[in-house]
Amino acid sequence: MTRWGILATGRIARKLADAVVESETSELVAVGSRTQASADAFANEYGSITAHGSYDALLADAEVDAIYVSTPHPQHAEWTIKALEAGKAVLCEKPMGVNHAEVMAMVETAAFHDTFLMEAFMYRTHPQTAKIVELIRDGAIGEVRQVNASHGFASPFNPASRLHNNDLAGGGIMDVGCYPVSMVRLIAGEEPESVAGFAALGETGVDQWASGLLQFPSGLIARVSTAVSVSLDNAVQVFGSEGSMHIVAPWFGDRGDGNWHFDLVRRGKREVVGGKAKPTYVLEVDEVARALAAAEKASPTMDWQDSLGNAKALDRWRAEVGLLFDLEKPERQTRPVHGRPLSVRRRTMRHGEIAGIGKPVSRLVMGCDNQPNAPHAAVMFDNYFEHGGNTFDTAHIYGGGRQEALLGGWLANRGVRDDVVVIGKGAHTPANFPDRVAPQLDITLERLQTDYVDLYFLHRDNVDVPVDEWLDVLNAEQAAGRIRVFGASNWSLARVQEANAHAAANGLTPFGAVSNNFSLARMVDPVWPGCIAASDADWRAWLTAEQMPLLPWSSQARGFFTPRFDAVAAQATSTVDAGFGNQPSDAEMRRCWFAEDNFKRRQRAVELANEKGVAPINIALAYVLSQPFPCFALFGPRTLAETRSSLAALDVTLNERECAWLNLEEA
């Protein structure tokens, strides 16, 4: 029997509690509330269950196996994460998080702690839903071309209620619009490539009624509708090339008697498909119990990727209608989603030193160029910091300045400026002239909300400018205290050597670091105009002799060592998530990295990865970190899963012979 604890005591909590009591697979043993009185009142309704006067006390209850999180939306992430960390399986009420960033943090916690997590879309566990999908996949109505799905109701307007309250992430899209979005994604079997939306926003700023259009790569178009101020038909219609379906009760499966049915028109003939099932919430409880008995960490009825995809689609719908909750605004991102002060909790990171910075520098440097908004940036930066990462790379040009602003907002909100190393870059083409350094640095420091950067790079070289002019400007900024250490990004070896020789001859501070491309894969063609690699023998010999710190970008060759390579090499279209940041295209991978010598390097990385029990991408990154000179690899994760996969490289040790073999220097 799965022993359940209910976290929060609202109306939906009672529905789930009733289902646990009715289930033959589960037992209701405890409830937790913000007050003892509320917990006692709830417990009295269900007999001899334990009443905890705090959520923390419930999570500490050793008699509880699974937690149902039924708080208002903005508390889902915090208490789900805390429950997972306490070793409890979690069924979290929909929507799992307020946005994709929160869901990502929840999923990452479940993955890290190897604990069960499921979003409570109860209709997904019903046999009617399974039958709908089975018929569609079997071609019962031919090629699915259009879907209409709705879920909405009329409620009296009350600005304090969860349905209309901005600070409770109210409105139709979040409360019940998540249902039709999840259904059309299930029917399509893929993620939408475009989302359009319309909504009527009420006086509290949340949607009173809304509709969206989702277009999928297959060509399927879906219309989704929702409301908290209008009664809708709450049905699903599916139209295919050879028939259609009409599901009159898609969300609860039946009208209360256990019998379910829907209409199917197949090649002009109408059929009624139906059956009998347990109540929907009981089915949901049973599914959690089944998964736990089978030692599964996710349910196939609503797995983690499904929840992430749904959250992203909801984000896009809300963006289309101009709905950003007040709690999502940059100034409100004042604490991590788990609710605790930011601190180093896992000490995964390794560090090195760069002379003049005066702080440890992370061997993996977080690239600030793939964060679409403040919530996403906060989740990414918090996670990196909590693993021990303290070094952030950004540039004046990234995102038109937005990336610097996101990092600056996070630094201010978390109060960690003195604990981190901030890397800035300026003077990018076509503004790569010495007189542009100071005014760009003015703007950079304002965006970053700081008065200095720890390490500053000239983003591109301009060979028409003598090196002494660059050094004069950089030395002046260092003297003014606005730069601690400076260096060059995408400069040739000859120019770096010339600059440092001039500095030595004239009593100036030289370049203290370089930031060129360096990876196991040779950059065949520059990723962007003006890019220069530091991977050849001359560069490596000089970096080793000088012990010059290198902060390489594209240190993992932008997907070349991931499974995406196989699809690109086969001339198939790979799956590229276009939702966040700078996404390398298939064409870019072919242009920049495809060459016979790189194919051999990749094959060797695969062989060594298999031998060491890690992923090829970990071998590729470990190669960069195993050089005989100080190397601090820049990486640009778009998701927490990508951060986790990159951090795994820190546990891989490569010796000199293995590095030489990987780079084809040994047979």
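All values below were derived from every heavy atom in this structure, side-chain atoms included, with hydrogens, water molecules and symmetry-related copies excluded.
- The pair Asp257-Lys276 does not meet the salt-bridge criterion, since no charged nitrogen lies less than 4.0 angstrom from a carboxylate oxygen.
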_Asp65/Trp4 under side chain to side chain contact (heavy atoms under 4.5 Å, CB included): CA gap, chis, key distance, verdict_ = CA-CA 6 Å; Asp65 303 315; Trp4 284 83; over 6 Å; no

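- The aromatic rings of Phe252 and Tyr281 lie tilted to each other, with the angle between the two planes from 30° to 60°.
- The minimum heavy-atom distance between Ala249 and Gln128, with the atom names listed, is O-NE2, 3.0 Å.
- A salt bridge links Arg270 with Asp263: at least one charged nitrogen is closer than 4.0 Å to a carboxylate oxygen.
- Glu143 has its side chain within reach of Arg145: a pair of non-hydrogen atoms, C-beta onward, lies under 4.5 Å apart.
- Residues Asn165 and Thr204 are not in side-chain contact: their nearest non-hydrogen atoms beyond the backbone lie 4.5 Å or more apart.
- Neither side chain, Arg644 nor Ser646, offers a donor N or O lying under 3.5 Å from an acceptor on the other.
- Contact annotation: the side chain of Ile67 never approaches that of Tyr55 to less than 4.5 Å [non-hydrogen atoms, C-beta and beyond].
- The pair Asp18-Lys15 fails the salt-bridge criterion, with no side-chain N (NZ, NE, NH1 or NH2) lying under 4.0 Å from an Asp/Glu carboxylate O.
- A distance of 8.0 Å separates CE of Met245 from CD1 of Ile187, quoted to the nearest 0.5 Å.
- Remark: Arg14 is not positioned above the aromatic ring of Tyr46, lacking an NZ or CZ atom under 6.0 angstrom from the ring centre and at most 45 degrees off the axis.
- Side-chain polar atoms of Ser225 and Ser150 form no donor-acceptor pair below 3.5 angstrom.
- Shown here for Leu214 and Pro192, the closest heavy-atom pair between the two residues is CD2-CG, 4.0 Å.
- Side-chain atoms of Asn383 and Glu108 form no donor-acceptor pair, as typed in the model, at a separation below 3.5 Å.
- Within the structure, salt bridge (charged side-chain N to carboxylate O under 4.0 Å, His left out) contacts touching residues 230-243 (residues at least two apart or in different chains) are Glu242-Arg267.
- Side-chain contact, Glu386 with His338: a donor N or O sits under 3.5 Å from an acceptor N or O.
- Inter-residue side-chain proximity for Val103 and His100 is flagged as unmet; no heavy-atom pair is nearer than 4.5 Å.
- Rounding to the nearest 0.5 Å places CH2 of Trp410 at 13.5 Å from OG1 of Thr334.
- Checked against ring pair (Phe, Tyr, Trp, His ring centres under 6.0 Å), Trp304 has no partners two or more places apart in sequence or in another chain.
- Salt-bridge formation is not detected for the pair Glu190/Arg185: no Lys NZ or Arg NE/NH1/NH2 atom is positioned less than 4.0 Å from an Asp or Glu carboxylate oxygen.
- Contact check for Pro127 versus Trp260: side-chain heavy atoms found under the 4.5 Å cut-off.
- The shortest heavy-atom contact between Tyr123 and Ser182 is OH-OG, 2.6 Å.
- Across all non-hydrogen atoms, the minimal contact from Val184 to Phe216 is O-CZ, 4.0 Å.
- For the 3.5 Å distance criterion, the side chains of Thr25 and Asp286 qualify, holding a donor opposite an acceptor.
- Residues forming a side chain to side chain donor-acceptor pair (under 3.5 Å) with Ser244 (at least two apart in sequence, or on another chain): none.
- In this structure, CD in Gln75 is found 9.5 Å from CD in Glu102, a value given to the nearest 0.5 Å.
- For the pair Thr109 and Val107, the minimum side-chain heavy-atom distance is 4.5 Å or more.
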*What's the verdict on side chain to side chain contact (heavy atoms under 4.5 Å, CB included) for Asn310 and Phe121, showing C-alpha distance, side-chain angles and the deciding distance?*
CA-CA 11 Å; Asn310 216 57; Phe121 278 113; 3.8 Å; yes

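- A side-chain contact (heavy atoms from CB on, under 4.5 Å) with Val21 is found for exactly one of Val285, Leu16, Val282, Leu28, namely Leu28.
- Thr2 and Ser26 share no side-chain donor-acceptor pair at under 3.5 Å.
- With sequence neighbours left out, Tyr384 forms a ring pair (Phe, Tyr, Trp, His ring centres under 6.0 Å) with Phe392.
- Atoms CD1 and CZ, on Ile6 and Phe42 in that order, are 5.5 Å from each other to the nearest 0.5 Å.
- Nearest heavy-atom pair, Ala30 versus Val64, reported as atom, atom and distance to 0.1 Å: CB-CG2, 3.9 Å.
- Checked against side chain to side chain donor-acceptor pair (under 3.5 Å), Glu63 has the following partners two or more places apart in sequence or in another chain: Arg3.
- Note on residues 80-99: pairs passing salt bridge (charged side-chain N to carboxylate O under 4.0 Å, His left out), not counting sequence neighbours, are Glu78-Lys82, Glu85-Arg340, Glu85-Arg345, Lys94-Asp175.
- We find that Asp207 and Arg318 are not joined by a salt bridge, their nearest charged nitrogen and carboxylate oxygen being 4.0 Å or further apart.
- Under 3.5 Å, the side chains of Glu287 and Thr125 contain no donor-acceptor pair of N or O atoms.
- Taken to the nearest 0.5 Å, the OG1 atom of Thr301 stands 8.0 Å off from the CZ atom of Arg290.
- For the atom pair Asn413 CG and Leu342 CG, the distance stands at 11.0 Å (nearest 0.5 Å).
- Considering only heavy atoms from C-beta on, Pro180 comes within 4.5 Å of His151 through its side chain.
- Side-chain contact, Ser155 with His164: a donor N or O sits under 3.5 Å from an acceptor N or O.
- Remark: Lys312 does not engage Glu191 in a salt bridge, criterion side-chain N to carboxylate O under 4.0 Å.
- Taking every heavy atom of both residues into account, Val337 and Ala105 meet most closely at CG2-CB, 3.7 Å.
- Using cut-offs of 30° and 60° on the angle between ring planes, the pair His76 and His73 is perpendicular.
- For the pair Phe157/Gln208, a side-chain contact is recorded, criterion being any heavy-atom separation below 4.5 Å from C-beta on.
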